[in-house]
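Here the structure comes first, spelled out in C-alpha cells, and everything after it is commentary.
Any value given below was found using the heavy atoms of this structure, including those in side chains, with hydrogens, waters and symmetry copies removed.
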Amino acid sequence: MLNDTYHLAVLFGCLALLMTLVVRGKSIFVVAPLCALVAAILSGVNPVVRMNEAYMTGFADYVKRFYLIFALGAVFGKLMEESGAAITVANTVGRWLGTHRACLAVVLACAVLTYGGVSLFVVGFSVYPLAVQLFRAANLPRRFIPAAIAFGSITFTMTSAGSPEIQNLIPIKYLIDKAGKPLTDARAGWQVSLIVAVLMILVGKIYLDWTIRRALKAGEEFESRPDDRDVPTSNGMPEGSFMAAISPLLATLLALNFVPSLARSYAPYFKDGGFQYLHAFLDNYPADDGALAIFIGVLVGIAVLGRRLTDVWGCFGGGFINGLLAVGSTSAVVGFGAAVQDLPAFKLVVSRVTQLPGDPLVTAAIAMAVIAAIAGSASGGQGIAFPIIKPIYIDQLGVSARALHRVVAISSGTLDSLPANGYLVMLIRNICGETHSRSYGPVFVTTVLIPAAGTALAIALFKMFPQWG
C-alpha cells in the first residue's frame, strides 16, 4: 500500500509540475519530456530507455496518425484568416445579435467557425478583436472574454456529431473491427449529441449571463488597454459576402458527413460502360476521412476566396508549419502520457478507473476524463486512452461503438481543460492578455463542469434510447 502511495505521488506530482510550468509560460516541448524524465527516474526505471522508446514512440505514433489532419486544418484556418472570411463570419454573427448580447455573440461566432473546421488557435485570434469591441460597447468586464471564446470553441462544437474537429475524428481511427473497418463514424449518436449540445449552450449562456451580472453589480466594468483596436477589416470582403465566407465551412461539413454515403450509392451506376476508374474511386471513397474532408474545404476556399489571397502557396507553407507545431505540441503531451503509461502508478490508475463497478459507459467516461487530465489534452488523452479502453469495452464487454464514441468524445473535453491545457494557456495569456487568477474561474465552469454534466446526460440518453447508439 505504501509502495502504491509513493508511485501515485510520483505520477500526480509530475503532472502537477507539468501544469505549473506550463501555466508559468514554459515551452511544452521542453516541459513534457522533462517531467516524463523525472517520473521515470523517481519510479526506478531506466530513463534513457523510457525516453528513447516509450516517449518517442508515443510522440511519433501520434504524428503519424494525425499530422495530415492537423496540417490541413491549419491550412484551412490560414485561408479563412488571410482571406478575411473568419472575420466576416465573426462580424456577421456579432451584427445579427447586437451589443446587448455581446457574450452570446462571441460564443456563437466561435461555434460557427469551430464547427466548420477552423483551427482552435485561428478561432481565438480571429474572434478576440470582435470580443473586445462587443464587450467594450456593452461595458462588460473583459476578464470574461476567455470564458466566452473557450465555451464557444472547445465544448459543444468540438465533440459534437458531424464536427470535423480532431476530437470527433480520433475515435474513428481506433474503434475498428478485425478487418480494420471503422465501427463508428463522425455522426455517431447524433440524436444524443444534438440534445446535449443544445442543453450545454443553454446552461452555459445562463451561467455566463449570471456571473457577468454579479460582476457588474460588484462594480466591475470594461477595462480599456492601450493596444485595443477595432475589429480588422475583412480584407476587402464586401457586405453580403457571408455566404462566400462560410462556403468552405459548408463544403467541409458536407464532405465529411454526406459525400461518402453518396459516393457509395452512385458507384454502381458507373460499373459498366468504360467508367471503371470512376467506379473504383467512388466505391472505395474513404468513409469519414477527416483529412480528405478538410482538403476539399481547402479547395473550395481557394476557388471561392482565392482572389482575396495574396499568397496561396504561403498559406499552404505557413499552414503546414503551424500544423506541425500544433501536432508537435500535442504529441509532446502524448509522449508524456506514453512515457508514464507503463509506470506502476499509471497502471494502478487505469486499473482502478476501468474496473469501477457500474455501467460500462460511465466507467469509460471516467477513464477517458482521468487520462485526458494526465495528458493535458482531449486529443492527446484520446490517443493514449483508446488503445487501452477499446479492447475492454468493445471486444470484451460489447459496448456499442457509436455510443462509446460519443460519450468518450464528450468526456475527453472535461478534465483536459485544467489550467495547463495548451490552448487555454495561449488563449488566456497570449491572446487575451489575462491571468489565470482573474479569468480561469468561469473558464473552469464552462469547459470542465458543463461538459461533465453533458457527459452524464449523454450516458443517460443512451440508456433511455439504446437505438441511438
Using modelled atom types and a 3.5 Å cut-off, is there a donor and acceptor pairing between side-chain atoms of [X] and backbone atoms of [Y]?
X      : Y      : answer
Thr211 : Tyr207 : no
Ser163 : Thr157 : yes
Asn139 : Glu221 : no
Ser193 : Trp190 : no
Lys463 : Ala458 : no
Arg406 : Ala188 : yes
Thr363 : Pro360 : yes

Contact between [X] and [Y] at the side-chain level, heavy atoms closer than 4.5 Å - yes or no?
X      : Y      : result
Ile154 : Leu424 : yes
Phe242 : Val89  : yes
Tyr62  : Ser379 : yes
Glu82  : Leu305 : no
Phe144 : Ser439 : no
Glu434 : Arg142 : yes
Val443 : Ser417 : no
Pro141 : Phe135 : no

Do Thr159 and Gln167 have side-chain atoms, one donor and one acceptor, less than 3.5 Å apart?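 Gln167 and Thr159 do not have a side-chain donor-acceptor pair below 3.5 Å.
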Indicate whether the side chain of His405 and that of Asn168 have a donor and an acceptor atom separated by less than 3.5 Å.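 His405 vs Asn168: donor-acceptor pair found between side chains.
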Supply the atom-to-atom distance [X] [atom1] to [Y] [atom2], rounded to the nearest 0.5 angstrom.
X      : Y      : atom1 : atom2 : value
Ile450 : Leu208 : CD1   : CG    : 7.0 Å
Ser331 : Leu325 : OG    : CG    : 11.5 Å
Ile170 : Lys173 : CD1   : NZ    : 10.0 Å
Ile374 : Leu18  : CD1   : CG    : 11.0 Å
Leu108 : Lys205 : CG    : NZ    : 10.0 Å
Cys103 : Phe151 : SG    : CZ    : 9.0 Å

So, [X] and [Y], do they make that salt bridge, N to O below 4.0 Å?
X      : Y      : value
Arg213 : Asp209 : no
Arg438 : Glu223 : yes
Arg143 : Glu220 : yes

Please work out which of the three classes, parallel, tilted or perpendicular, describes the rings of Tyr174 and Phe386, given edges at 30° and 60°.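 Phe386 and Tyr174: parallel rings.
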Which of parallel (below 30°), tilted (30 to 60°) and perpendicular (above 60°) describes Phe316 and Phe320?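 Correct class here is parallel.
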Side chain to side chain contact (heavy atoms under 4.5 Å, CB included), that's the test. Do Phe295 and Leu68 meet it? Break it down for me. CA-CA 10 Å; Phe295 181 64; Leu68 276 180; over 6 Å; no
Nearest heavy atoms of [X] and [Y], plus distance in Å:
X      : Y      : result
Arg402 : Leu183 : CG-O, 3.9 Å
Ala138 : Ala102 : CB-CB, 4.1 Å
Val63  : Val327 : CA-CG2, 4.2 Å
Thr252 : Gly297 : OG1-CA, 3.3 Å
Met368 : Ala385 : CE-CB, 3.4 Å
Ala245 : Leu249 : O-CG, 4.4 Å

Derivation of the side chain to side chain contact (heavy atoms under 4.5 Å, CB included) call for Ile145 and Val106: CA-CA 8 Å; Ile145 291 178; Val106 173; 5.6 Å; no
Tell me which pairs pass ring pair (Phe, Tyr, Trp, His ring centres under 6.0 Å) where either residue lies in residues 426-461, with sequence neighbours left out.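 Residue pairs with at least one partner in residues 426-461: His436-Tyr440.
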Could you go step by step and tell me if Thr446 and Thr155 meet the side chain to side chain contact (heavy atoms under 4.5 Å, CB included) rule? CA-CA 8 Å; Thr446 54; Thr155 57; 5.6 Å; no
For Val196 and Met200: C-alpha separation, side-chain torsions, deciding distance, then whether side chain to side chain contact (heavy atoms under 4.5 Å, CB included) applies. CA-CA 6 Å; Val196 170; Met200 285 175 65; 3.6 Å; yes
For Asp177, give me all partners under side-chain hydrogen bond (donor to acceptor under 3.5 Å, both in side chains), at least two apart in sequence or on another chain.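 Residues passing side-chain hydrogen bond (donor to acceptor under 3.5 Å, both in side chains) with Asp177: none at all.
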